[in-house]
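Input: a single structure, listed below in C-alpha cells.
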Amino acid sequence: QVQLRESGGGLVRAGGSLILSCTASGLTFSTYHMGWFRQAPGKEREFIAGIQYSGTMTYYSDSVEGRFTISKDNAKNTVYLQMNSLKPEDTAVYYCAAAISPYDSVTYAVKSSFNYGGQGTQVTVSS
C-alpha cells in the first residue's frame, strides 16, 4: 500500500519561501511520476505540479509557474516543492501524490494520472 507523508508547511509572509517534502513508501519510487496538489478552503483540489518518474521533465500550472519548483530524489524516495515569492492566494493544504501506474503508462502533466493519499501540510501566507 502506497503511503505518502508531507512535511514542511507553515506560516510565512508574502514574498517568502518554503520547501515542502513528501516521503513515499510502498512503491518503487523511481518508476513513478509524482505530483503536488493543493486545496484552499471552499475550493476544489488543484493540481499544481508534476514530475516525470526519472525527474527530468516537469509540469506546472499557470498559477505557480515561475515561482514553484518540483524535484525528485529517487535515492531518498522523496519529492520536493520549492515555493518562492509566495502570495496570500497560495494559502492551502498541500498534498503530494503518486501516479496511478509506473513509467510513462500515464502522463505526469494531468490531474487524473495521480492518486493522493497523504494527510497534507498546511501552508499559510500572510499579507
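It should be emphasised that the depicted structure is a prediction, and the values quoted were computed from it without experimental measurement. Residues: numbered from 1 along the sequence shown.
Screening residues 52-68 for salt bridge (charged side-chain N to carboxylate O under 4.0 Å, His left out), with sequence neighbours left out, gives Arg67-Asp90.
A donor-acceptor contact shorter than 3.5 Å is absent between the side chain of Thr121 and the backbone of Tyr94.
When Met57, Lys72, Gln52 are each tested for a side-chain contact (heavy atoms from CB on, under 4.5 Å) with His33, only one passes: Gln52. Of the residues Tyr108, Phe47, Trp36, the one that meets the ring-ring contact (aromatic ring centres under 6.0 Å, His included) test with Tyr59 is Phe47.
There is a side-chain donor-acceptor pair under 3.5 Å between Glu46 and Ser63. In the model, Asp73 has no side-chain atom that pairs as donor or acceptor with a side-chain atom of Thr78 under 3.5 Å.
Counting only heavy atoms from C-beta outward, the side chains of Val79 and Thr23 never approach each other to under 4.5 Å. You'll find the side chain of Met83 stays beyond 4.5 Å of the side chain of Ser17, heavy atoms only. Between Glu89 and Ser127, every side-chain heavy-atom pair lies at or beyond the 4.5 Å cut-off. In this structure, Ile19 and Leu81 have side chains that are not in contact, with every pair of non-hydrogen atoms separated by 4.5 Å or more. Proximity of Val2 to Asn115: side-chain heavy atoms (C-beta onward) are nowhere separated by under 4.5 Å. Arg38 places none of its side-chain heavy atoms less than 4.5 Å from the side chain of Val123.
Nearest heavy-atom pair across Ala98 and Leu27 is CB-CD1, 4.0 Å. The shortest heavy-atom contact between Leu4 and Cys22 is CB-SG, 4.0 Å. What you find for Thr69 and Tyr60 is that their closest heavy atoms are CA-OH, 3.3 Å. Pairing each heavy atom of Ile48 with each of Val64, the nearest pair is O-CG2, 3.4 Å.
The cationic group of Arg45 lies under 6.0 Å from the six-membered ring centre of Tyr95 and within 45° of the ring axis, placing it in a cation-pi geometry.
The aromatic rings of Phe114 and Phe37 sit perpendicular, their planes meeting at an angle over 60°, well past the 30° parallel limit.
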